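Notes follow the structure.
Residue numbers begin at 1 in each chain, while the letters A, B, ... track the order of the sequences. Treat the numbers as computed from the prediction; the structure is a model and nothing was measured.
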Number of protein chains: 2
Amino acid sequence: MKNSVTIRDVAKHAGVGVGTVSRVLNNNPSVSDLTRQKVLSVIDSLNFSPSQAARRLSRGKTMAVGVVVPFFTNPSVVKRLQGVISVIATSQYDLVLFDVENAEDRDGLLKNIIQREIVDGLLIISLKPSENDVTEIVEANVPTVIVDAEHPGFSRVIVDNVAGARQATEHLIQLGHHQIAYLNDDPTNPFNNAPTHDRYQGYLQALEGAGIPVRAGYYRQGTLDRESARHLTRELLQLPDPPTALFVYSDTQAIGVLEAARDLGLNVPEDFSVIGYDDIEAAKLLHLTTIRQSLYESGVIGGQLLLEQMLEPSLEPDEVVLETELIVRGTTAPLSS
Amino acid sequence: MKNSVTIRDVAKHAGVGVGTVSRVLNNNPSVSDLTRQKVLSVIDSLNFSPSQAARRLSRGKTMAVGVVVPFFTNPSVVKRLQGVISVIATSQYDLVLFDVENAEDRDGLLKNIIQREIVDGLLIISLKPSENDVTEIVEANVPTVIVDAEHPGFSRVIVDNVAGARQATEHLIQLGHHQIAYLNDDPTNPFNNAPTHDRYQGYLQALEGAGIPVRAGYYRQGTLDRESARHLTRELLQLPDPPTALFVYSDTQAIGVLEAARDLGLNVPEDFSVIGYDDIEAAKLLHLTTIRQSLYESGVIGGQLLLEQMLEPSLEPDEVVLETELIVRGTTAPLSS
DNA sequence: CTGTTAGCGCATTCAC
DNA sequence: GTGAATGCGCTAACAG
């Protein structure tokens, strides 16, 4: 049966009051060494361990942080989560995980988490909270930090997507490409569409900077999976005047792009250059040229920000911007004339 | 500030007692429709939501399940966890995640989880609990299920590793290979070494079944990473009489194997056949022939077993054995003479 | 059907 | 320094 030793049992056995036991439990200095030792030994012999539930109610703190992730399936999200886990594990907090797989999940999830008062802090990954959620969080005064999404009200760690996309596109331009297409994420994605817009902007900026006209026909958008990317790339490559290079919103999609090229008998990078974004594990395996963002590190920093925030709730929201890095591998090459 | 509306406020505003409010909160049928409506509307207008902490203490239930995973880094573990998440999300339980990265973490973690009474149920993935942990769990009477590890005391979902390994090795034999090496996980791995032994047994059985003598020099073991596998494979391939085929404990290691073959200028599968185990995402990308185990499904079933177990704690431990499947892709071929 | 009361196990006053 | 009392917010048992 349950280990139902309570603080009262300990008090009785040690011949002290419950208050004293509680004090030694919380390292309250105003306990004499003698009684402290006595209590400690009784705790040990009774194999007592305080009930979290009671402690939580009494102190009004849950000693848990909530982490909300969209599409736990997504490799980049997993990587970020890893970073978060690594820092939360060093703290006293438990980690409660919430996965949101669709828009219905999301609406109300945050509100629900807040209202049930099950966490002392919230870490939101790659998900833009709705305005309703935001007011809910603010009213409840729950320390919150966001990783890979923007909101001025909260501490956040983001990456400069405009710059990263520019970097990718400029790499292609430097290789001599002028017919550069862009395969985007679906910007109607309800979760977090800022990166979608930003990367497109970066793409446009790079083209404009090089004086290359933007061709509407070289733009495609689709969901974050391989199949969709494969299909759209085929469209692109079967254009009368197909692009010679393609910048893809994510590595996951880039995998589908590579498949499409193979389907059509095109050699990458000789006939067709491809650059992705994220640098997930698979990118290395496939020798995919890509833009690396510090996925794991973003989680670590996010976790640290949250811990600080919970310690010092009065802190102003902080913004950390992570650098991107161009990783040249085997899917981009100079334009062959 | 905190939303400090309590059940008492609701009772006052609705002109009823707290007991009644509690009843409607818990869908207790013995409340008249009229008062139920009244209470409900007050709850709504006050934006009241019961405190989990109080509820937990009062009911002696946490409404949370703990999930313990080793090496959150490991792709196969992530996949299993996904399955677990998908079913827990459909329940009323929150999911508290614990990652164990080293042996020190593990010792005491389970005990700690149990003693703090923070979960109503426990799901352990790819980790064999120590005997101390087991007695702790049994004494505390916490419903527990294990995924990808054995223990007679608990419900578990496992895969027949002997059969899977036999299947892999037989595939190689059928292709005409006689010089078949095995690259194993490190069996001193303190977390869960049963699969290590079992797969080795399956390998041996297949060889014996075909009358192929076992060569000690064709056995290597190392950690679950690419680098180690790469190194050990090079050793194997530089033997005076190198193997023509290799069965690898995991897909992760198989990636390193492929790298080693490339390092040495060997063509896979023409010169050297490789078969992995797990069928993680990367296996498909690399066209790796492998043994698929239902990773995601194992998590789903594990989650379901746990939910059942919590509903009906008197249930006998159940064992579910999942089938493996040979997935032939591009890294195995007939022995070229 | 419904109001009242007594805990759940601990933290935290307040006196001594 | 330490014991006793009060309350955290809710559930459940007991009357009515």
Check: For Asn28(B) and dT2(C), what is the distance between atoms CG and P respectively, to the nearest whole Å?
Finding: 10 Å
Checklist line | Euclidean distance, atom CG of residue Asn27(A) to atom P of dC10(C) [Å, nearest integer] | finding: 16 Å
Check: Got a donor-acceptor contact below 3.5 angstrom from the Ser51(A) side chain to the Ala54(A) backbone?
Finding: yes
Note to self: Could you work out how much the helix from dC1(C)-dG16(D) to dC16(C)-dG1(D) bends, comparing the axis of its first five pairs with that of its last five, to 10°?
What the structure shows: 40°
Note to self: Could you check whether atom NZ of Lys38(A) has more than 12 heavy atoms from other residues, nucleotides or ligands sitting under 6.0 Å from it?
What the structure shows: yes
Check: Can any side-chain N or O of Asp186(A) pair as donor or acceptor with the backbone N or O of Thr188(A) at less than 3.5 Å?
Finding: yes
Let me have the donor-acceptor pairs involving side chains of residues 91-99 of chain A, under 3.5 Å, with sequence neighbours excluded, atom names and distances please.
residue  : atom : partner   : partner atom : Å
Ser91(A) : OG   : Ile88(A)  : O            : 2.7
Ser91(A) : OG   : Tyr93(A)  : N            : 3.0
Asp94(A) : OD1  : Arg116(B) : NH2          : 3.0
Asp94(A) : OD2  : Arg116(B) : NH1          : 3.4
Asp94(A) : OD2  : Arg116(B) : NH2          : 3.3
Asp99(A) : OD1  : Phe72(A)  : N            : 3.2

Run the side-chain donor-acceptor check on residues 11-22 of chain A: report pairs under 3.5 Å with partners two or more places apart or on a different chain.
none

Margin query: Using a 4.0 Å heavy-atom cut-off, does Ser32(B) contact any base of the nucleic acid, only the sugar-phosphate backbone, or nothing at all?
Written below: sugar-phosphate
Next item on the list: Give the B/S/- string for nucleotides 6-12 of chain D, one per nucleotide from 5' to 3', where a protein heavy atom under 4.0 Å of the base yields B, of only the sugar-phosphate yields S, and otherwise -.
Entry: -BBBBBB
Next item on the list: Not counting sequence neighbours, which residues clear ring pair (Phe, Tyr, Trp, His ring centres under 6.0 Å) with Tyr296(A)? List them please.
Entry: none
Note to self: Listing request: all side chain to side chain donor-acceptor pair (under 3.5 Å) pairs with a residue in residues 304-316 of chain A, at least two apart in sequence or in separate chains.
What the structure shows: Ser155(A)-Gln309(A)
